[in-house]
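Throughout, a chain's letter reflects where its sequence line sits, starting with A, and its residues are numbered from 1.
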There are 2 protein chains.
Amino acid sequence: MVEQDWGFVGERVRAARESAGMTVRELARRIGVSPSHVSQVERGIGAFSVPALYAVARELDVSMHALLDPPGQETAATLVSRPANDLVAAGIVQRAGDHPSIVLGSGPRWSRLTAGGEENAEFLEVVYAPRTPRPAEEIRHGGREYGIVISGELTVEVEGATEILGPGDSIVFDSTRPHRFWNDADSEVRAIWFVRDTLPGESVPHA
Amino acid sequence: MVEQDWGFVGERVRAARESAGMTVRELARRIGVSPSHVSQVERGIGAFSVPALYAVARELDVSMHALLDPPGQETAATLVSRPANDLVAAGIVQRAGDHPSIVLGSGPRWSRLTAGGEENAEFLEVVYAPRTPRPAEEIRHGGREYGIVISGELTVEVEGATEILGPGDSIVFDSTRPHRFWNDADSEVRAIWFVRDTLPGESVPHA
DNA sequence: CTGCAATGTACCGTGCTACTGAACAGTATG
DNA sequence: CATACTGTTCAGTAGCACGGTACATTGCAG
């Protein structure tokens, strides 16, 4: 069996607990273990059992994935320079560093993932910095959008209903419904978004 | 701490193992435990440690989530700190663990990210296990596809041209071009894929 | 039929670790 | 000073994750 260091689990538990404004004893009481055990786990000199971890995830409202997923393999940042070739030249493949991005002040950063202009569609990577404020206005436009959160936690509001999306959570809805997104958490949010424009035959004015 | 029956974990391990055509001894050897222990876990009279479960997930090419996520029947009582999930009930938001996934033996695992059946589109998360072989056949079908690699390295071949996509790299092309994907690297590949069907007015035969 | 090699399983241990309980130090009240 | 929090330390224990071995079955070769 591959040996592995599980200390990062404790670090994440501590981060989640503190961000929830919860004390060691309070968390311990809620998950049914002793405060000392929680302290030991958070300091990396102990570990939670699977049931205990589940209770932690439930009480702190984080996913098992967020607690257990091994760190490492940095995402878009790892740019190994590779030679351009046919597919890149043809505009089919686009390298991570080459995405034209649009930074909107302190707001989210949108990166277009398609080389040329696509007809009827936008394929985007979106990054929200920590604690972006809730937009004052809802938006609505034609088409339909599909999103999945890669990392962080994105707060979404669609027709007044609010939900927090964690890594792996996805969302699909008609863009004509009033919606807005923001980042209430202390960590950056990365998500992949696909926005399909109104199909021919339908007609909804763009916002 | 809330007591819970973890027998379903064993059932899923057994299902995954058998679907991979692997014997108890073989799995035990790969994850570094004894065959009897595997047997006991699968029969619900034992349990894997977190590291052992991780090894199982790796060898059987399933996610921890797929093994650990509690089965259906909610749990209205245990939803303490989660916000109202109208959006989940409405089929707009889908939780990470709820994506119906299709495991194809040692091949890639596709997870549909949309709750219901979408018209004219598929929104997918795809996971390739390390070193999946290059498919013998190219495929071509109608529509247009958009993909971005989240982690790992995916080898793509479009009309004979080959390219390796790393994290953040994206690809867009007409699905009518012959193409195939595989994983030549030693690490798992995760990618988000959007496949838009042929628009009305175009007509390309499906493969 | 008799081996023989697979399969999964039952039983009996044991060493490790998840976890406890009590004490401890630090800080902020009053 | 006392009191009430905070997180931490440490010795100890109970339980379970796990190993080793033996066993019942099935299928195949001869």
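Between the CE atom of B:Met22 and the C1' atom of C:dA6 there is a distance of 17 Å, given to the nearest Å. In this structure, B:Glu42 places its CD atom 8 Å from P of C:dG8, rounding to the nearest Å. With rounding to whole Å, A:Arg29 atom CZ is found 14 Å from D:dG7 atom P. If you take CD1 of B:Ile31 and P of D:dC18, they are 8 Å apart, rounded to a whole angstrom. Separating the CD1 atom of A:Ile45 from the C1' atom of C:dT17 is a distance of 13 Å, rounded to the nearest angstrom.
Annotation: side chain of A:Leu27 is in contact with side chain of A:Val13 (closest heavy-atom distance under 4.5 Å).
Residue whose closest nucleotide on DNA chain C sits further toward the 5' end, between B:Ser39 and A:Ala47: B:Ser39.
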> Are B:Glu125 and B:Trp193 close enough, and set up right, to give a side chain to side chain donor-acceptor pair (under 3.5 Å), and what steps lead you there?
Replying inline: CA-CA 6 Å; B:Glu125 176 186 33; B:Trp193 229 253; over 6 Å; no
Short heteroatom pairs, N/O only, protein and nucleotides 20-23 of chain D, under 3.5 Å:
unit_1, atom_1, unit_2, atom_2, d
D:dG20, O6, B:Ser36, OG, 2.7

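Checking the phosphate oxygens (OP1, OP2) of D:dT6, no side-chain nitrogen or oxygen of A:Arg17 falls inside 4.0 Å. The shortest distance between the side-chain N/O atoms of A:Thr23 and the OP1/OP2 oxygens of D:dC5 is not below 4.0 Å. The side chain of A:Arg43 contributes an N or O atom lying less than 4.0 Å from OP1 or OP2 of D:dT9.
We find the CG-OG1 distance between B:Asn183 and B:Thr155 to be 6.5 Å, quoted to the nearest 0.5 Å.
A:Arg17 has no carboxylate O lying under 4.0 Å from a charged side-chain N of A:Glu59, or vice versa, which leaves the two without a salt bridge.
A:Arg180 contributes no side-chain N or O that, together with a main-chain N or O of A:Glu157, makes up a donor-acceptor pair within less than 3.5 Å.
Between A:Phe194 and B:Tyr146, the ring planes lie perpendicular to each other; the angle is over 60°, past the 30° to 60° tilted range.
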